[in-house]
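Heads up: the structure comes next, in C-alpha cells.
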Amino acid sequence: MDHSSSEESDVSDSDIGVHEEKTYNQLRAGKVKVKHGNNTFRCPFCPGKKKQDYSSKDLLQHASGVGAASKHKAKVKATHLALARYLKVDLAGSLESSPQLATVEHQPPGSEEKYVWPWMGILVNLPTELKGKGFVGESEERLRAQFSRFKPLQVTILWNSTDNADYAIVKFAENWNGMKDALAFEKHFNVERYGKTDWNKRNCRRDDLYGWVARSDDYNSLEPMGKYLRKNGELKGVCDLEHEGQRKMGRHVGYYARQIEEKNKYLEELTLMNNQNGLKLERMMEEKDQLFEEHNRNIIELQQHACKDSKRIIDENLKLYEELQAKIHEIDRRCKELNYLATNTNIYRGKLVAEKEKNAKENELLNLANLKQKEADEELLRLVEKHKQEKEEALRKQVELELELDSRQKLELEKEQLRGKIEVMKMMGSEEDGTLKELDELRTKLEEKDDDMESMDSLNQALIIKNQRTIDELKEAKKELINGLEKMAGVRSIIGVKRMGELDQKTFYNACKNKMPNDKLKLALVCSKWEDEITKPEWHPFKVIETAGQIKEIIKEDDGKLQALRAQYGDEACNVVVKALVEMNEYNPSGRYPVPELWNFKQNRSAPMPEAASYLLKQWKTHKKRNT
C-alpha cells in the first residue's frame, strides 16, 4: 500500500508524539508497506530518494538518523521515529543479527548487560601444546589464525602464578562490527556447548576450548583474567556506547555547523570584497581607457609636430647639404686650379698677378663698403636727429593749433554775440539814427569776423594736414627706430623693443613647472594654448568701472577661464596671463595680436622716442670708439 500521509497537513513540534503513534499504528496494521522481499526493505516516507532498497540494519539506521536530526520538519521526524519503533519492536525477529539492533533495545534502568570495551573474548582450557612459555608468540598466532573468521585483532595468553597458561584474551575491533564479530565468536561456542555456562558446570568436558564474550563478572574477577580486563578495558553498556556515539556525532554536527556558518560568513565577506574590487577594477579600467585615449591624442599630436619638424629639418638639411656640396665643388675646383697653377708657375705668373690685382680691388671694394656702412650709420643718426626736430616742430605746431583753436572759439563767440545784438536791435524796431548807425557797425564787424574765421579755417586745415604728415613721419621714424633696435638688441640692452600683449613664456613656464615638473611636452602645449587664448577676440574678460570721474576697464576676477587657470596652475601663472591681456587691451584691442613698442627694461616702462634716440646715439658713439 502506498503511503498517503504526504497529503496530510504538516504538524508542529508539540504534536510529534501524537503523529508518531498514529503512523506506528498504520505500520502495524499493514496500511504502510515496509518489507519488499525476503531481505529487502524500503522507506515508505522517502519515495523520491535515489536509494530505495535497504537492508534491515541500514533502514533502521536511516529511520533513527532522520528522526533524530533537527533540520527536518516535525512531520518527517515523527514518521521516521514511528518507522524505527516498528523495526525494533515488530520486525525484530526478521532483522539480521546486528549489534545495531541491540543498541536500540529498551531495557529497564539498571538491567542492561555490561560488556568489556574494547570488545574482548575469553578462551579457557588451552591445549597442552600452547602452554609452553617459550613459544608464547607462536601460540598466540596459532590461536589468532584458528579464529580468523571472527576477525580478531590480537590474542594474548595469560599466565597464573605457577606459570601455567589458563586463559587467552581475544581482542576485537572497537566498533559495531567488532561487537558483531565478538557475539558471533560467543555464539560459535554456545552452539557447540562450549560456552561460559557449559564451562561453569562441574562435570564439564575438558577435551576442547571454551569461549565467551567478556562481561561484568569477568571484569570484576580476582583472577589474572580480571586484572587484565580492568587494566586494558572498561565496562560499558550498548546504550552507553550508542549515547556516546550520538554525543560525538552531535558534537561533530555542531562543530561542522559552526564551520559551515563561519565559512558562509567568510564567503559573504569574500563576495562583498569581490564586488568592491570589481567596482574598483571597473573604475580603474575606465580611468585607464581615458588615459589611453588622452595618451593616443598626445601621441598623434606629437607625431604631427614631429612630422612637421622632421620635414622642416630635412628641408633645411637638404638645403645646407646642397650649399655644402656647392662649396666643396668650389673648393675642389680651386684646389685643382691652384695645383695646376703651382705646376705651371712660369706660364701663369701673369694670371697670378691679375688675381692679386683682383683681390686688391675686392679689398678696395670692401673698404668702400665699410665707408658706405659708416655713412649709412651717420645717415641713421641724422635721420634720428631730423625725426627729433620734426617731433619738436610737431609739438610746437600742436601748441599753435591749440592756440588757434582757442582764438577761433573766441572769435565764434564774438560772432554769436554780434548776431545776438543785431537780432535784438531788429526786434526793437528802433528808427533812431544812432541805433541804425550802431547796427551798421555791428554788421560790418560781423562780416570782418566771418572773413577772419574763413582765413583761420584755411590756416587750421593746413596745420592739420601738416600735423598729420608729421605724425605719419614720426610713426615711420618710430618704426625704423624699432627695426634698428631689434637688429642691435643684446642681452644687456637697457632700451629695446617689447612685444606688447605677448605671453611671457619663460615666467609662465616656470610658474606651471611647479605643478607638473616632469612633463615638458605638456608644459609646451599649455603655453601654446594660452598664447592662442589671449589672441581670441571673443574672449574679453574686462569690465568697465568709473573711478574719480574717469571710465576705465579692469580685469574681471570672476572670469571662468582665469579662475580655472588659477586653480590648476596657481596665482603666478594667472598673473602672467592677466598682464598680457591688459597690454593687449591697451595697445591693440581691435587687432588682438602683439605689437612692438619701445621699452625701458631697466625701469620696466614705455620709452619715448627722444629717450630711445639718445640711447641709440650713445650706443653708436661707444661702438665707434671701440672700432677706432
Side-chain angles (χ1 to χ4, degrees), residues 92-93 97-99 101-103 105-133 136 139-174 176-241:
S97 177
S98 169
L101 293 179
T103 63
E105 290 292 338
H106 296 281
Q107 298 180 2
S111 64
E112 183 183 5
E113 191 173 18
K114 302 287 185 179
Y115 293 88
V116 177
W117 190 87
W119 317 114
M120 297 185 189
I122 300 174
L123 291 173
V124 297
N125 195 28
L126 301 178
T128 305
E129 61 271 16
L130 298 178
K131 295 182 179 182
K133 199 168 184 179
V136 175
S139 301
E140 291 175 348
E141 285 298 322
R142 286 177 59 186
L143 287 172
R144 185 168 176 269
Q146 182 178 351
F147 297 102
S148 60
R149 65 181 180 276
F150 303 113
K151 302 175 184 178
L153 299 179
Q154 181 182 351
V155 177
T156 304
I157 297 177
L158 302 180
W159 304 85
N160 58 16
S161 58
T162 58
D163 293 336
N164 291 322
D166 292 337
Y167 302 96
I169 304 300
V170 181
K171 186 179 290 186
F172 298 94
E174 298 179 6
W176 295 116
N177 290 328
M179 183 179 184
K180 177 181 177 182
D181 296 331
L183 293 175
F185 169 81
E186 184 180 55
K187 184 177 180 181
H188 165 74
F189 284 100
N190 288 333
V191 170
E192 299 294 333
R193 297 185 181 276
Y194 286 94
K196 184 176 182 180
T197 305
D198 300 311
W199 173 254
N200 289 331
K201 292 180 180 179
R202 292 185 178 181
N203 56 349
C204 65
R205 294 173 293 174
R206 303 284 180 168
D207 56 347
D208 204 351
L209 288 172
Y210 285 78
W212 59 87
V213 176
R215 291 179 173 81
S216 57
D217 53 347
D218 302 311
Y219 182 86
N220 297 321
S221 174
L222 299 177
E223 296 182 2
M225 171 185 63
K227 294 180 180 179
Y228 180 85
L229 294 176
R230 287 191 296 273
K231 182 179 179 181
N232 296 282
E234 57 181 331
L235 288 176
K236 287 187 178 182
V238 175
C239 291
D240 295 337
L241 291 174

Straight-line distance of Leu209 CG to His188 NE2, nearest 0.5 Å: 9.0 Å
Proximity of Phe189 and Phe147 rings by center, below 6.0 Å: yes
Asp198 (side chain) donor-acceptor with Gly195 (main chain) under 3.5 angstrom: yes
Residue pairs, two or more places apart or on separate chains, that pass salt bridge (charged side-chain N to carboxylate O under 4.0 Å, His left out) and touch residues 223-232: none
Lys114 and its side chain to side chain contact (heavy atoms under 4.5 Å, CB included) partner, picked from Asp217, Leu235, Asn220: Leu235
Shortest non-hydrogen contact between Gly233 and Pro118, atoms and distance: CA-CD, 4.2 Å
Side chain to side chain contact (heavy atoms under 4.5 Å, CB included) partner of Leu183, the single match among Trp119, Tyr115, Phe150: Tyr115
Spacing of CD belonging to Glu141 relative to CD belonging to Gln154, to within rounding of 0.5 Å: 9.5 Å
Leu123 CG to Tyr210 OH distance, which is reported to the nearest 0.5 Å: 13.0 Å
Spatial distance of atom CD1 (Ile122) from atom CG (Asp218) [nearest 0.5 Å]: 3.5 Å
Trp212 and Asn190: CA distance, side-chain angles, deciding distance, side-chain contact (heavy atoms from CB on, under 4.5 Å) verdict: CA-CA 8 Å; Trp212 59 87; Asn190 288 333; 5.8 Å; no
Side chains of Leu143 and Val170 in contact at under 4.5 Å (non-hydrogen atoms): no
Side chains of Tyr228 and Tyr167 in contact at under 4.5 Å (non-hydrogen atoms): no
Side chain proximity check, Met120 to Asn232, heavy atoms < 4.5 angstrom: yes
Shortest non-hydrogen contact from Ala214 toward Leu229: CB-CD1, 4.0 Å
Closest contact, heavy atoms only, Val213 versus Glu186: N-OE2, 3.3 Å
Sequence-distant partners of Glu174, side-chain hydrogen bond (donor to acceptor under 3.5 Å, both in side chains), two or more places apart: none
Trp176 and Met179, any side-chain heavy atoms less than 4.5 Å apart: yes
Contact summary for Met225 and Ile169, nearest pair of heavy atoms: CG-CD1, 4.1 Å
